[in-house]
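Here the structure is laid out as structure tokens; the discussion comes afterwards.
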Amino acid sequence: MKILDLIEKKQSNIPLSQQEIDELVVAYVNDEIPDYQMSAFLMAIYFQGMTDEEIQYLTMAIVNSGDHLDLSQIHGVKVDKHSTGGVGDTTTLVLGPLVASLGIPVAKMSGRGLGHTGGTIDKLESIPGFRTDISVEEFIELVNTNSLAVIGQTGNLTPADKKIYALRDVTGTVQSIPLIASSIMSKKIASGADAIVLDVKVGDGAFMKNIDEAQHLAETMVNIGNQVGRKTIAILSAMNQPLGEAVGNNLEIIEAIHTLQGKGPEDLTKLCLVLGANMLIANGHTDDFSEAKDLLSEQLRNGQAFDKFVEFIKAQGGDTSYLYDTSLFPKAKHQISIKANTTGYITGWDAHEVGEAARILGAGRLSLQDQIQPEVGVVLNKKIGSHVEKGEQIAVLHSNQLESHEAIQRMLDAVTIGNESIEPVLILDRIA
Ligand code: URA
Ligand code: CA
């Protein structure tokens, strides 16, 4: 294989063979192809796209570049859920216990977050004692006993994705549907899921800015999953404002607890029920969407979803008194009110800007070495469709600094207030 030939082939829109793609990925991971040639190849994909076959080959070449997590010892069909980059997205924390409370195995491998807030692991570690550095054997045992466990990244999964993603990040090649789809699906396949539910976010705060692009990405990912025998369903959901009210680590854990107790924000609850119902369908528990949704609503109402959360936190060493009394979570030193600068209706909350405000306060990281402050973040009191008076509080910053001008400015830039009320639409499409 000569890399220059492959670059030129791709540039001329001639499809590559499975062998060519395999060899390319292996050579790149082994440092046999320099970054400048790989960059040119990625740019050719960016402009020419890839056929379904090529995307399939690329995904499996990335899967085969590293270890696979073997979860075959877990009984039942394991469903994983993945969200394409939301802001204040607490769904994983809610969906795990909610779905597992019906006896469906949820085996979640999760990472530390880069960006607006921490990842699921960072959020769970806000609960004193909670451990995710468990062995794979312990993880499998916990899922078989409790239906639910979370483990930190183990093994050398998809090293090709790590290396290619880092290069895409600095060469303007992140926004490519074949590259995003193969990157996401390779990680889901390598981490052992039998079935996958994808939450594809659409809007200013997301990778996909409009519905057409999002549908294309969703179809591409569903196609990859189904071709390798992993039942895959994608939901398209709006990201024209953050999900729920809380953005920040402790704040989101508390929001997840309330949601599991059936008293969470309406949009977060709704999205969890829709994603959860599709997890039941992907698992084969039922094929009837409204029945699945009713089953899950009942688990929120009867306390079993919350009980499952308590059992899971306890099994991984966490102090469950925090779950029963959320006032035990440390609070930021200052609560700073953000007020509407005009009277009208909220018509948008730029999720990216709100996320940046939370990150500036210390809720997230720019590099993996940064320390997260679990107690800081943002709470939105008024969301799209709400009427507000000039001077009325619309959000609160939870900050450890009295002076938080930059974060305040971000919040004021994030909100738009108009004359007419608009009805927020959360679920935009389903692709299976
Ligand atoms: N998330 C991923 O994991 N990969 C991408 O390429 C984009 C988003
Ligand atoms: Ca939230």
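Scope of the values below: all heavy atoms of this structure, side chains included, with no hydrogens, waters or symmetry mates. Order of listing sets the numbers, starting from 1, for every ligand and every atom in it.
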Distance filter under 4.0 Å to [X] heavy atoms, resulting ligand 1 atoms:
X: Lys187; answer: 2 (C), 3 (O), 4 (N)
X: Tyr165; answer: 4 (N), 5 (C), 6 (O), 7 (C)
X: Phe207; answer: 7 (C), 8 (C)
X: Ser183; answer: 2 (C), 3 (O), 4 (N), 5 (C), 6 (O)

Pairs where residues 19-37 contributes a residue and the test salt bridge (charged side-chain N to carboxylate O under 4.0 Å, His left out) is met, not counting sequence neighbours: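 Counting only pairs at least two positions apart or across chains, the salt bridge (charged side-chain N to carboxylate O under 4.0 Å, His left out) contacts touching residues 19-37 are Lys9-Glu20, Asp31-Lys163.
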
NZ/NE/NH1/NH2 to OD/OE distance under 4.0 Å, Lys308 and Glu311: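 Yes, Lys308 and Glu311 are salt-bridged.
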
Sub-4.0 Å heavy-atom approach of Ile184 to ligand 1: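 The answer is yes, since Ile184 has a heavy atom less than 4.0 Å from ligand 1.
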
Any donor-acceptor N or O pair under 3.5 Å, side chains Ser404, Ser399: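 Indeed, the side chains of Ser404 and Ser399 share at least one donor-acceptor pair under 3.5 Å.
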
Test item: side-chain donor near acceptor, Thr91 and Lys81, under 3.5 Å: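 Short answer, yes.
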
Flag if over 12 foreign heavy atoms under 6.0 Å of NZ, Lys162: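 It does: Lys162 NZ has more than 12 such atoms within range.
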
